[in-house]
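Worksheet for the structure shown next.
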Amino acid sequence: MPVFSTLRIDPDPVNPRVARLLLDRPDRLNAIGEETPRELRAAVEWANAEPEIHVIVVEGAGKGFCGGYDLAFYGQGQIDHPCQQERDPWDPLEDYAFMRRNTDDFMSLWRSPKPTIAKVHGAAVAGGSDIALCCDLLLMAEDARIGYMPTRVWGCPTTAMWTFRLGPTRAKQLMFTGDTIDGLTAKEWGLANDAVPLDRLEARTRQLADRIAAVPRNHLAMHKMVVNQVMLTMGLEQTQNLATLFDGITRHNPEGLWFRRYAQAEGFKAAIAWRDGGQPIPEGDEARALARELEARRKG
């Protein structure tokens, strides 16, 4: 079996036609670190190279599926890294290249000739929702949550899957509010294929995976290609280009810089509490002034 630092993948012990890809940073709510996107792609490539495997189940260890990018590192951290450049002037194409590569790595789940199923318990939020929605099918616990809260400030979902999976009206509602929805709502809206009580989620996932795994691999690949081609014809790749560029802008405009400075000064939990609490987010000149004040305080 391949060995990774942020996840693992193994054949299912009961049905070797099913691969189980486990996001495995439970102490960090399986948050996305620098190695996660690359390892995710490598795990998918490994599963596709194994002739016995027919379907891939993606799940999270511990309390939830994935809490998004690791804000203790990317948000409150003091270092300069490609995803959040502190250099002045900011280079949008360097930022775009880094985030586009991450997006392409997540999309390996969508491109995989073998079907992929996201099994979501707890939270699949922010970048974690990108991973879940790049899978072909979505199964959720009824009380699980999915959403992209950083649309309120400091983020744009680079995979752009919300519109393609939900349609424009529902997607706009979630993008404008940054709200999350539970599994029952996701099923009602057509985002999730099914939502069941948590204690039945594994059995429901196994039932679906086993059913799919009995179909010949070439049939699965052809049917997936047909559906994916519809999404490509609708402009999926072009939309992802725009979303990935906008993601960099949201992290470097006055509001995004205020959020990062606030996270650095007060901690990412305090920054998230402000972002998600519903109070107005500083913008424009106010955001610039507060960011400068916070930066001065940080540097002492």
Side-chain angles (χ1 to χ4, degrees), residues 6-7 21 23 30-34 36-45 56 58-60 65-70 74 82-83 95-112 115-120 123-140 145-152 154-168 170-176 178-181 186 189-193 224 227-251:
T6 67
L7 54 86
L21 195 165
L23 304 174
N30 301 316
I32 299 165
E34 287 196 298
T36 307
R38 250 58 78 206
E39 292 188 345
L40 182 66
R41 181 194 285 242
V44 172
E45 290 174 348
I56 305 166
V58 184
E59 56 197 320
F65 182 82
C66 178
Y69 279 90
D70 191 340
Y74 289 105
C83 178
D95 188 292
Y96 171 85
F98 180 87
M99 290 306 297
R100 183 69 216 196
R101 184 180 180 190
N102 283 3
T103 301
D104 287 343
D105 289 343
F106 297 153
M107 285 291 287
S108 64
L109 294 161
W110 185 84
R111 293 189 305 269
S112 165
T116 54
I117 303 171
K119 172 193 172 189
V120 172
V125 293
S129 69
D130 280 325
I131 294 174
L133 295 184
C134 284
C135 293
D136 301 309
L137 305 177
L138 174 61
L139 299 177
M140 295 181 66
R145 308 294 301 186
I146 190 168
Y148 206 98
M149 303 89 74
T151 58
R152 297 184 63 82
W154 212 63
C156 177
T158 62
T159 63
M161 279 293 184
W162 291 98
T163 302
F164 290 90
R165 298 287 294 262
L166 270 180
R170 295 295 195 190
K172 285 179 179 179
Q173 178 178 336
L174 292 183
M175 296 303 97
F176 293 165
D179 289 343
T180 63
I181 56 174
W189 286 9
L191 183 67
N193 296 86
K224 179 169 179 174
V227 178
N228 281 7
Q229 185 58 54
V230 173
M231 297 173 70
L232 289 170
T233 302
M234 292 170 65
L236 176 60
E237 289 183 337
Q238 294 88 339
T239 305
Q240 288 181 340
N241 287 338
L242 185 64
T244 303
L245 180 62
F246 280 178
D247 181 64
I249 293 173
T250 68
R251 287 182 278 103

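Note that these values count all heavy atoms, side chains included, but never hydrogens, waters or copies made by symmetry.
- Not a single donor-acceptor pair under 3.5 Å links the side chain of Ser112 to the backbone N or O of Ser108.
- Between Ala124 and Ser129, the shortest heavy-atom contact is O-CB, 3.4 Å.
- Of all the heavy atoms in Leu109 and Cys135, the pair that sits closest is CD1-SG, 3.9 Å.
- A distance of 10.0 Å separates CG in Asp179 from CE in Met149, rounded to the nearest 0.5 Å.
- Considering only heavy atoms from C-beta on, Pro115 stays 4.5 Å or farther from Leu137 through its side chain.
- A donor-acceptor distance shorter than 3.5 angstrom exists from the side chain of Lys224 to the backbone of Trp110, with no hydrogens or angles considered.
- The side-chain contact (heavy atoms from CB on, under 4.5 Å) with Phe106 is formed by just one residue from the set Val44, Ile131, Leu133; it is Ile131.
- Counting non-hydrogen atoms of other residues, nucleotides and ligands closer than 6.0 Å to CZ of Arg101 gives a total of 12 or fewer.
- Side-chain contact between Phe65 and Val58 is present, with heavy atoms from C-beta onward closer than 4.5 Å.
- Annotation: side chain of Met161 is not in contact with side chain of Asp130 (no heavy-atom distance under 4.5 Å).
- Atoms CD and CG, on Gln240 and Asp247 in that order, are 12.5 Å from each other to the nearest 0.5 Å.
- Here the side chains of Thr239 and Thr163 are not in contact, with every heavy-atom distance at 4.5 Å or above.
- The shortest heavy-atom contact between Tyr148 and Cys156 is OH-O, 3.6 Å.
- Side-chain atoms of Asp105 never come within 3.5 Å of backbone atoms of Arg41 as a donor-acceptor pair (strictly under, hydrogens ignored).
- Separating the CH2 atom in Trp162 from the OG1 atom in Thr151 is a distance of 9.5 Å, to the nearest 0.5 Å.
- Between the side chain of Arg152 and the main chain of Gly178, no donor-acceptor pair closer than 3.5 Å is present.
- Residues Asp95 and Phe98 fail the side-chain proximity criterion, which asks for heavy atoms closer than 4.5 Å.
- In this structure, the separation between CG on Leu40 and CG on Leu21 is 6.0 Å, given to the nearest 0.5 Å.
- Atom CZ of residue Arg165 and atom CH2 of residue Trp189 lie 14.5 Å apart, to the nearest 0.5 angstrom.
- A donor-acceptor pair under 3.5 Å is formed between the side chain of Thr116 and the backbone N or O of Asp136.
- Shown here for Ala31 and Cys66, the closest heavy-atom pair between the two residues is CA-SG, 4.5 Å.
- Residues Ile146 and Val120 have side chains not in contact (no heavy-atom distance under 4.5 Å, counting atoms from C-beta outward).
- When all heavy atoms of Gly128 and Ile32 are compared, the closest pair comes out as N-CD1, 4.0 Å.
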Next item on the list: Decide side chain to side chain contact (heavy atoms under 4.5 Å, CB included) for Leu191 and Ile181; before the verdict, give the C-alpha distance in whole Å, the side-chain angles of both, and the deciding distance to 0.1 Å.
Entry: CA-CA 10 Å; Leu191 183 67; Ile181 56 174; 4.2 Å; yes
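- Between Ala43 and Leu7 the shortest heavy-atom distance is CB-CD1, 3.9 Å.
- A distance of 10.0 Å separates CG in Asp104 from CZ in Arg38, rounded to the nearest 0.5 Å.
- Side-chain atoms of Thr244 do not come within 3.5 Å of backbone N or O of Asn241 as any donor-acceptor pair.
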Next item on the list: Mind running side chain to side chain contact (heavy atoms under 4.5 Å, CB included) on Leu23 and Thr6 for me, showing each step along the way?
Entry: CA-CA 6 Å; Leu23 304 174; Thr6 67; over 6 Å; no
Notebook entry, point to check: What's the verdict on side chain to side chain contact (heavy atoms under 4.5 Å, CB included) for Thr180 and Val125, showing C-alpha distance, side-chain angles and the deciding distance?
Noted result: CA-CA 8 Å; Thr180 63; Val125 293; 4.1 Å; yes
Check: Do Thr36 and Glu39 pass the side chain to side chain contact (heavy atoms under 4.5 Å, CB included) test, and can you show the C-alpha distance, the side-chain angles, and the key distance before you say yes or no?
Finding: CA-CA 5 Å; Thr36 307; Glu39 292 188 345; 5.8 Å; no
